[in-house]
Amino acid sequence: MKTIVAKILEDTLARAEREGVLPPWPERPNLAATIDSPKQAAHGDWASNVAMLYAKAARLPPREVATRLKDRLVDPAGAVAALEIAGPGFLNFRLVPEVWWRGLAEVAARGPRFGRSDVGAGQKVDVEFVSVNPTGPMHVGHGRGAVTGDAIAALLEATGHAVTREYYINDAGNQVKTLARSVHLRYRELFGEKVELPEESYPGEYVIGIARELAREHGDRYLRAPESEWLGPFAALAVTRVLELIRGDLAALGIRFDVWFSEKERLHETGALRAVLDDFRERDLLYDKDGAVFFRSTLHGDDKDRPVVKSTGEPTYLAGDIAYHQDKFRRGFDWCLNVWGADHHGDIPRVRAAVEELGVDPLRLRFTLVQMVNLLRDGQPFKMSKRAGTVVSLREVVEEVGADATRFFFLLRRSDAQLDFDVGLARKQSNENPVFYVQYGHARLCSILRRAAEQGLAPPRHDVEALRSLTLPEELDLAKRVLSMPELVAGAALAFEPHRLVFFLQETVAAFHGYYTRSKNSDKVIGPDPVKTRARLFLCDCLRQAMANALGILGVSAPERMERAADQDAED
RNA sequence: GCGCCCAUAGCUCAGUUGGAUAGAGCGUCGGACUACGAAUCCGAAGGCCGGAGGUUCGAAUCCUCCUGGGCGCGCCA
């Protein structure tokens, strides 16, 4: 829709220059960028600040520039109903309803694909997210990163990117050894030994399960064996089992990955990690200090050089990351996105530095940070920690409130701001949870369409003649909202901000609920006038389609009817 | 001490990358069902956009400083 105005502005500007009313404008910006939809309806459908920008070059007051443009408006199709000059020199365009009614043809034509676009132009993109260490099931805090990453990936897909969802498995570091040792302690316990779990061990129930499995399979064979004998097999099984848990946690949220990238198998066992360190060494990007090996990340703006090999001879996490990113870019992605927890923000300069040294344009490596989740229980904060007994597992919450509510809740606000997640509230399944509001709107639309079908009315179809009979401002407003979706999706995708889609849904549904209630006693969708009825049913169908598509991108279901939940409050 | 993120209504947060009179939800108060679903709607109250400067036609948005909170800061992952 915006492009219609951009074209008119383009032609008008050209005409003004051609007729010598305005001087040439060498540093003319992309005109579409000067246009946006004003907050206030009184300011029209689209407003351009082009006259203010042009004023300097034209050596004229902005309002004079605006007037000269207005007088030479090029609008052969008659799309502009009114053009007003307002404030310091805004050009406010109001389009004839016809433009919007015609625009709705796109919704009908594209159906489930409405709202999607190809601004991504088929770029190959890797989105890495979650990547929690395989030491235990996911907790609620991890869930936010998982849902956010998945929604960003879906947004990128919706805008014509070829997306790979990727999980980096840190299965080569110390934490895996710690996990194996925890399993071994539990294993000994199974054979009647009294053991004490050290501070750094993993106490979870799942550890016992893994120990039990090892005991079943190997008996007491590893009971007195030296660590060097059992560490390998214990770690291997533990990682496998824990990854199964994590996969299950993710599946419960509808999240699946295309690539599970094992640090151990793909970087250590292939020698890739060794190779990249050797290469860096040769190029004098590494140096020895205090028995460790440091990478000169300060060459690229990091504030300190960072170790890549510990004095024990083991590679650090950063070393793995360097080799990992090399592998990623070798796989031919146009760019890679890392969805990271905000507590890792300090690592960004290092990885960027390394990527530059790998000969990759640093702009091809992008980051988005997901801030912490403040976990509350009925208003009381409590600390999240894998070791603490009070931890709430992700699975627990998903099973309690459902995948839809969990996903929606996590996407409710921008990811770089901290989020309060009140487990008590989320469990309540009360109408305070906005996902019910949005889903109800969709179900209500479905209900109307269902009713129409039951009455034998023809299925909704695009009919400009009929739409012209709609005169309520709310109806035009709903059409405009629907038609704003493609641009909104594109903006959300490029900014990695799925929450914009959540707000779009809430606002659109609110507009619909309001329209519905105001009209229910007078001008129902299914009314006595067959022409209006046809038009309104089509409008409802467009709304339904837009909402279903938006919910689909967010990974939240769009139910055709709502099951009225049994009263949950009873158990409180 | 240095770096990154945040600060907007009582609470939780949006604000389309610098636009016009700053918006929602929850909560509070007052209203609306002979059902295309009231899991909804309408109205009211509620603001020095943390503070102080600066940039310009124009700032919640950009720059500097300050205050307050979160996270991080060479061998944790």
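Reminder, nothing fancy here: chain letters follow the sequence lines and each chain counts from 1.
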Tell me which donor-acceptor pairs under 3.5 Å the side chains of residues 56-64 of chain A have, and how far apart each pair is, sequence neighbours excluded?
unit_1  : atom_1 : unit_2  : atom_2 : d
A:Arg63 : NH1    : A:Gly87 : O      : 2.6
A:Glu64 : OE2    : A:Arg68 : NE     : 2.7
A:Glu64 : OE2    : A:Arg68 : NH2    : 3.3

Only distances under 3.5 Å count here; give the side-chain donor-acceptor pairs of residues 490-502 of chain A to other protein atoms, sequence neighbours excluded, each with its distance to 0.1 Å.
unit_1   : atom_1 : unit_2   : atom_2 : d
A:Glu497 : OE1    : A:Arg500 : NE     : 2.9
A:Glu497 : OE1    : A:Arg500 : NH2    : 3.2

- List the protein contact pattern of nucleotides 3-11 of chain B with one symbol per nucleotide (5' to 3'): B for base contact, S for sugar-phosphate-only contact, - for none; contact means a heavy-atom distance under 4.0 Å. BBSS-----
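Of the candidates B:U17, B:U40, B:C13, B:U17 carries the atom nearest the A:Arg500 side chain, counting heavy atoms from C-beta on. Of all nucleotides listed (B:C71, B:A14, B:A77), B:A77 comes nearest to the side chain of A:His344. Taking every side-chain heavy atom of A:Arg306 into account, B:G74 is the closest of B:U16, B:G74, B:A20.
Note on A:Asn174: only backbone sugar-phosphate atoms sit closer than 4.0 angstrom, heavy atoms only; bases stay farther off. Within 4.0 Å of A:Phe503, counting heavy atoms only, lie sugar-phosphate atoms of the nucleic acid but no base atom. Within 4.0 Å of A:Ala86, counting heavy atoms only, lies at least one base atom of the nucleic acid.
The closest side-chain donor-acceptor pair between A:Tyr287 and A:Asp305 falls under 3.5 angstrom.
Remark: the A:Asp36 side chain and the B:A20 base include no donor-acceptor N/O pair separated by less than 3.5 Å.
Scanning for salt bridge (Lys or Arg N to Asp or Glu O under 4.0 Å) contacts around A:Asp284 gives A:Arg296, with sequence neighbours left out. The side chain to side chain donor-acceptor pair (under 3.5 Å) search around A:Lys177 returns A:Glu314, not counting sequence neighbours. By the ring pair (Phe, Tyr, Trp, His ring centres under 6.0 Å) test, A:Phe410 is found to be paired with A:Phe421, residues two or more places apart in sequence or in another chain being considered. The side chain to side chain donor-acceptor pair (under 3.5 Å) search around A:Arg28 returns A:Glu10, not counting sequence neighbours.
Atom CD of A:Gln40 is separated from atom P of B:U16 by 15 Å (rounded to the nearest Å). Between A:His142 atom NE2 and B:A77 atom P the separation is 16 Å, expressed in whole Å.
Within residues 447-454 of chain A, the residues having any heavy atom closer than 4.0 Å to RNA chain B are, in order of number, A:Ser447, A:Ile448, A:Arg451.
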- Query: For RNA chain B, what is the dot-bracket line, given that a base pair needs Watson-Crick (N1 to N3, plus N6-O4 or O6-N4) or G-U wobble (N1-O2 and O6-N3) geometry with both distances under 3.5 Å, and | means paired with another strand?
  - Reply: (((((.(..((((.....[...)))).(((((.......))))).....(((((..]....)))))).)))))....
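Applying the 4.0 Å criterion to OP1 and OP2 of B:C36, one finds that A:Lys524 has a side-chain N or O inside that range. A sub-4.0 Å separation between OP1 or OP2 of B:A38 and a side-chain N or O of A:Tyr516 is present.
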Find every protein N or O atom lying less than 3.5 Å from an N or O atom of nucleotides 42-45 of chain B, and list the pairs.
none

With the criterion being N/O to N/O and under 3.5 Å, what pairs connect the protein with nucleotides 56-63 of chain B, and how long is each?
none

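Aromatic ring orientation, A:Tyr168 versus A:Tyr324: parallel (interplanar angle below 30°, classes split at 30° and 60°).
Listed for the A:Arg450 side chain is a donor-acceptor partner under 3.5 Å among the backbone atoms of A:Glu560.
Listed by first then second residue, pairs satisfying salt bridge (charged side-chain N to carboxylate O under 4.0 Å, His left out) with a partner in residues 30-47 of chain A read A:Asp45-A:Lys480, not counting sequence neighbours.
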